[in-house]
Q: 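Take a look at this one; I'll ask things after.
Lettering follows sequence order; numbering is per chain, from 1.
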There are 2 protein chains.
Amino acid sequence: MATIKDVARLANVSPSTVSRVLSNSSRISEETKRRVREALEQLDYHPNVFARGLVTNSTGAIGILIPPSMNQFFVNPFFAEWMSGVSEVTREHGVDTVLSTSARDEEEVVDRMVRGRRVDGLLLLGTRPGDPVLRRVSDQKFPAVLLGRPADPIPVSWVNNDNVKAAHCATKHLIDLGHRRIGFLGGASEMVVTIDRVTGYRNALLEAGIEPDPRLEVSSFFLEQGGYLGMMRLLAMSDRPTAVLASDDVLAFGGMRAAAELGFRMPEELAIVGFNDIRLAELANPALTSVRVNMHELGVRCAELLLKQIESGSPAYISEIVDFELVIRYSCGAHAAARNG
Amino acid sequence: MATIKDVARLANVSPSTVSRVLSNSSRISEETKRRVREALEQLDYHPNVFARGLVTNSTGAIGILIPPSMNQFFVNPFFAEWMSGVSEVTREHGVDTVLSTSARDEEEVVDRMVRGRRVDGLLLLGTRPGDPVLRRVSDQKFPAVLLGRPADPIPVSWVNNDNVKAAHCATKHLIDLGHRRIGFLGGASEMVVTIDRVTGYRNALLEAGIEPDPRLEVSSFFLEQGGYLGMMRLLAMSDRPTAVLASDDVLAFGGMRAAAELGFRMPEELAIVGFNDIRLAELANPALTSVRVNMHELGVRCAELLLKQIESGSPAYISEIVDFELVIRYSCGAHAAARNG
DNA sequence: CTGAAAGCGCTAACAA
DNA sequence: TTGTTAGCGCTTTCAG
């Protein structure tokens, strides 16, 4: 494997000159540049990323920290679409992305990434109150951007939807359709996103003069199976809901499977609204009404914000809110006829 | 940020001693170990990954190369489930995963990863005949494992399903159900996986004495929209198929959407079988019969094979075949009654 | 059992 | 415009 020295020798210049050509320094004669480039080509030289990183103190990579509880996130289209937004930006900037899923010791992986200087900045997600990872990253004053708002008053940049407002909007939609008894099907209850969405749900209820019933709020894990189980619980109640707001489309899918198995007709006997508007939402039967949170856009904004932060070196904490939109299809019953037979 | 020197100074030893303690060298007195560990703790020391990598010539990371054509792969659950398998293994081994999506110049990113020594090995996917990336990686004799078989006779380790056999099995299933006119809905036609699956499809046809009709083989991109468009083409034919084998579940979903829009009843008027058996297959209406290729398992095996290869330093080329299984649900019409109303 | 010294491959002053 | 020198933070001989 050719090193910079080999190139220098072949081109009859010093290593620093090669280095200068590599970084396209202005004050190098055209003639030398040519010679060096030729040698570069001939030896098929490529700079050792680590050696360079060691001296420049930068890595050309950002990290994504996936909390242990979130391995499911991989298989949730939500995460994938967010990632595709992130990746779009990093690709443009020629930056690599280091994925790190932590096992038991969440903080160990932060240390490896941050203090071990493996990456220049961190993208965080799925935070919850008391999150040790967020705390640690913030303490280190390491460039980082959080997807979602921080649960605790911790200084950090973040990008989020207004989940309270979004859940309020979706719930109000169901109320406007005449529902009074509305269930909430949530993911992990300790997660900020769940907390915010249940808050919006309750707010809408209260606003309409409906007393929130804790029994109508079920929460499980962020998987299809979780939605299935949760819906089973809801539908088993004697005073069961006539409509359900799911905190995630995959959860909604699971809920719909449960409802279908029990013979409920949707949306006539049970209206459903999901969250995130994954691509497959349109394909559910009936097509799922969902809150589009623009996951791809969230990914783009997260990555851009982080890259800007790294580049500028400024310690400013910025937060951004991405718009949402209620996409009305058939599962909520707003349209007279269901599309599928 | 504390360096190894700082620790050495505080513990009153030399840097090399600290290094030895770090790597748990045997011939260090317990007393010294204790002192060093204390200093380590006190300074919250973490080794600089790049400095270490520079001298050990290893990175503690593997790379995943996502070809430019595959940005959709991110949003295909297939990829996500494969990734979750990969990630499970890397997490266990404390290895990080570097994702790299290449833009125009595919080879540039290989060089950055391989020759730039950013990673110790590479996971490749979505290969096609003449793939320059695969060629380049193989030429460098860099540890690599390919998901899917190589299109050209290139020495490389790989993990795959027997896609020919799997497609044969799925097609035969449809033939056994009485279908004679069966369409094939494929992704990018140049990809090896598409080639193999269409081959298996044709084989089964021929075996049953049915002449394959090229007009029945439509291929588009690996997205829901691609399936939608492809199915529209198939159903617009005067001698349209009565059954369709889709080379991917998401494609099948798109196809089902098209069929539903056109008013076809499934499986009565149109039988469908998908490929990959993503989690959501079960939720389609009717529930999608699909070839389970065990994507998670594929991910696990890819990662394990690569890690083994890196560790052993052996240049052996190993290939593994992961079993498939036809999961029969309702979309193929094998069961009398559809589950959903 | 421990330290000194060299060097991994690169960049960045500082000279010339 | 170019070369020399030092050093990024670590591991690893080689001595002792």
Q: Would B/Thr32 and B/Arg20 count as having a side-chain donor-acceptor pair, cut-off 3.5 Å?
A: no
Q: Could you state the CD1-C1' distance from B/Ile28 to C/dG3, rounded to the nearest angstrom?
A: 10 Å
Q: Have a look at the helix from C/dC1-D/dG16 to C/dA16-D/dT1 and give the angle its two end axes make, five pairs each, rounded to 10 degrees.
A: 40°
Q: Once you round it to whole Å, what is the distance between P of D/dG9 and CG of B/Leu43?
A: 14 Å
Q: Test B/Glu38 against every option in B/Arg35, B/Gln42, B/Arg34 by the side-chain hydrogen bond (donor to acceptor under 3.5 Å, both in side chains) rule and name the one that passes.
A: B/Arg34
Q: Counting only heavy atoms not in A/Glu320 (residues, nucleotides, ligands), do more than 12 fall under 6.0 Å from its CD?
A: yes
Q: May I have the distance from B/Glu30 (atom CD) to C/dT2 (atom C1'), rounded to whole angstrom?
A: 15 Å
Q: Taking atom C1' of C/dC8 as reference, at what distance in whole Å does atom CZ of B/Arg117 sit?
A: 12 Å
Q: Going 5' to 3' through nucleotides 3-8 of chain D, assign each nucleotide B (protein heavy atom under 4.0 Å from a base atom), S (under 4.0 Å only from sugar-phosphate atoms) or - (no protein heavy atom that close).
A: BB---B
Q: Quick one: pull up CZ in A/Arg37 and OH in A/Tyr45 and give me the separation to the nearest 0.5 Å.
A: 14.0 Å
Q: How many whole angstroms separate atom CZ of B/Arg52 from atom P of D/dC10?
A: 8 Å
Q: May I have the distance from B/Leu22 (atom CG) to D/dT11 (atom P), rounded to whole angstrom?
A: 6 Å
Q: Are any of B/Thr56's side-chain N or O atoms less than 4.0 Å away from OP1 or OP2 of C/dC8?
A: no
Q: From the set D/dC10, C/dT2, C/dC10, return the single nucleotide nearest to any side-chain atom of B/Ser29.
A: C/dT2
Q: Return yes if a side-chain donor-acceptor contact under 3.5 Å exists between A/Thr17 and A/Ser14, otherwise no.
A: yes
Q: I need the CD1-P distance between B/Ile4 and D/dT12, as an integer number of Å.
A: 11 Å
Q: Roughly how far, to the nearest 0.5 Å, is CG of B/Leu124 from CG of B/Leu122?
A: 5.5 Å
Q: Hey, which sits more toward the 5' end of DNA chain C by its nearest nucleotide, A/His46 or B/Thr32?
A: B/Thr32
Q: What heavy-atom pair brings A/Met1 and A/Asp6 nearest, and what distance separates the two atoms?
A: O-OD2, 4.0 Å
Q: How is B/Ser23 classified with respect to the nucleic acid when contacts are heavy atoms under 4.0 Å: base, sugar-phosphate, or nothing?
A: nothing
Q: Do the side-chain N and O atoms of A/Ser100 and A/Arg112 include a donor-acceptor pair separated by under 3.5 angstrom?
A: yes
Q: Decide, yes or no, whether a salt bridge links A/Arg136 with A/Asp111 under the criterion of side-chain N to carboxylate O below 4.0 Å.
A: yes
Q: CZ of A/Arg35 versus C1' of D/dT2: gap in Å, rounded?
A: 11 Å
